[in-house]
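Below is one structure; the comments refer to it alone.
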Protein chains: 2
Amino acid sequence: MAPAGLNMESISPLTLNRLSVYLRALRQLDEEGAKRISSREMANRFHLSAAQIRKDLAQFGELGIRGVGYEVAPLRHKLEDQLGLWREHRAVIVGAGNIGSALAQFPGLNSEHFRVVGLFDIDPGRIGAQVGRMKVRPSGDLAQIVRDHKVELGILAVPAEAAQENYDAMAEAGIRAVLNFAPVYLREKPEARVKNVDLMIFVEELAHHLG
Amino acid sequence: MAPAGLNMESISPLTLNRLSVYLRALRQLDEEGAKRISSREMANRFHLSAAQIRKDLAQFGELGIRGVGYEVAPLRHKLEDQLGLWREHRAVIVGAGNIGSALAQFPGLNSEHFRVVGLFDIDPGRIGAQVGRMKVRPSGDLAQIVRDHKVELGILAVPAEAAQENYDAMAEAGIRAVLNFAPVYLREKPEARVKNVDLMIFVEELAHHLG
DNA sequence: GATTGTGAATAGATTCACAGCT
DNA sequence: AGCTGTGAATCTATTCACAATC
């Protein structure tokens, strides 16, 4: 009997990130029409560890069938649930520069699970510009859009020096989670969790190996 | 006596990524005119762990002064050296869609340490388009540009289904390291190291916490 | 016979706490 | 007096290896 909802332990961040990887693999398998997959097959195919797949998945109950493997579609949906993808999340992007504009049109953020409902900037030269299917709005309209569309997710794509004030404004408007692309440490408020994404960390990791 | 160059141990990936974080902090301190900083001050200011800063830095010799702290400018340069930033690295970007075009104009990739020397696409509708200071070139010109500019770093910003063939072409052309933004597992060649960046992992991590 | 789920073993990372310098 | 560098202790993550199950 799988103790479905009563898991006290929170998922470790490393495991959580792997769930996203497994989910991507399962979606591909599902599209290919695969009905079942063993941890070994999945590990070989997507360059993962079979033991780790099993340990990670076992946290959510007995999801597999001994002697057989995992059923692709049900496992996919289980992982989507764990990742909060059982409902649509609305997002706004603040900063309509290159990165912000690219993210506004990013397929993953305009999918079944996420929807970008606003792209904001403070620069009058950008306000009103068409970016994909959206028009850039003045940052002053943020709070109203967040309220009207029940936005939970904010994406910060402003210069470093403007990041803290825009984060504060997002938190104030009721946003619950922020993905920060500005290369700066944000003083975090309890109501709005921050996840930093620093692209230079990836580039510098490669540069180190180049020597 | 610090055994400067004879470090046999390779740096762990977690430590390596923190070096980028420390470097960013040190640059800011340097610009502010700070001459010295203690691990404690740095930890408080940038929300890090003092013991971890010391452990990480101690790998590269006795960089600090007991009773005093670290000298900002020399430490900054030591970390830049460790991260391979003592010389300029040339990069090309393949895929001139939203993400590729944004990265072509990303300040970190057009800095003292990195330079984007080419932006490529296969779509005739994009070839010739002006993106920042660059014109989009046909992917067929990749090998020549890589050779002429001694390019070491490739950035893959093509759709998932085109990623493997473009990675192979990069490796073939002589590129040594690839930052892959396509959400797909690449069969890696020994001559061209891959670092995957999947933006959906970050978004889904936040979505999980939103529940 | 095959594969999961899992306790035990191993490996790796972080934090503690203090000796050693300045 | 204050801060680094570091061994020891702790905590976390991964891998192994096999009993349980289909």
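Convention: sequence-line order gives letters A, B, ...; per-chain numbering from 1.
Ion pair A:E71/A:K35 not flagged as a salt bridge, since none of the NZ, NE, NH1 or NH2 atoms sits closer than 4.0 Å to an Asp/Glu carboxylate oxygen. At a threshold of 4.0 Å, the pair B:D168-B:R187 does not count as salt-bridged, since none of the basic side-chain nitrogens sits closer than that to a carboxylate oxygen. Between A:E88 and A:R90, at least one side-chain N (NZ, or NE/NH1/NH2) sits under 4.0 Å from a carboxylate O, which counts as a salt bridge. Salt bridge absent: A:E191 and A:R176 never bring a charged side-chain N and a carboxylate O closer than 4.0 Å. Using a 4.0 Å cut-off between charged nitrogen and carboxylate oxygen, B:R27 and B:E80 count as a salt-bridge pair. At a threshold of 4.0 Å, the pair B:R45-B:E32 counts as salt-bridged, since one of the basic side-chain nitrogens sits closer than that to a carboxylate oxygen.
Relative to the side chain of B:E62, the nucleotides D:dT6, C:dG5, C:dT4 differ in distance, and D:dT6 lies closest.
Rounded to whole Å, atom P of D:dT4 lies 11 Å from atom CZ of B:R36. The CD1-C1' distance, from A:I37 to C:dA2, rounds to 15 Å in whole Å. Taking atom CZ on B:R40 and atom P on D:dG2, their separation rounds to 9 Å, with Å as the unit. Taking atom CD of A:Q59 as the reference point, atom P of C:dT6 lies 11 Å away to the nearest angstrom. Here D:dT21 presents its P atom at 17 Å from CG of A:L63, a figure rounded to the nearest Å. We find that CG of A:L75 is positioned 15 Å from C1' of C:dT3, with the value rounded to whole Å. The interatomic distance linking B:L57 (CG) with D:dC3 (C1') rounds to 13 Å, in whole Å. Separating the CG atom of A:L48 from the P atom of D:dT14 is a distance of 12 Å, rounded to the nearest angstrom.
Taking a pair as Watson-Crick or G-U wobble with both distances under 3.5 Å, the runs of three or more consecutive pairs in DNA chain D are C:1-22 with D:1-22.
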Problem - Contact pattern, 5' to 3', of nucleotides 13-22 of chain C - B, S or - by protein heavy atom under 4.0 Å - result: SSB-B--BBB
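The stretch residues 29-50 of chain A participates, sequence neighbours left out, in these ring pair (Phe, Tyr, Trp, His ring centres under 6.0 Å) pairs: A:H47-B:Y185.
Between B:F181 and B:N196 the shortest side-chain heavy-atom distance does not fall below 4.5 Å.
When the options B:R115, B:R87, B:R193 are evaluated for a salt bridge (charged side-chain N to carboxylate O under 4.0 Å, His left out) with B:E152, the one that passes is B:R87.
Between A:Y70 and the phosphate of D:dC22, there is no side-chain N or O to OP1/OP2 separation shorter than 4.0 Å.
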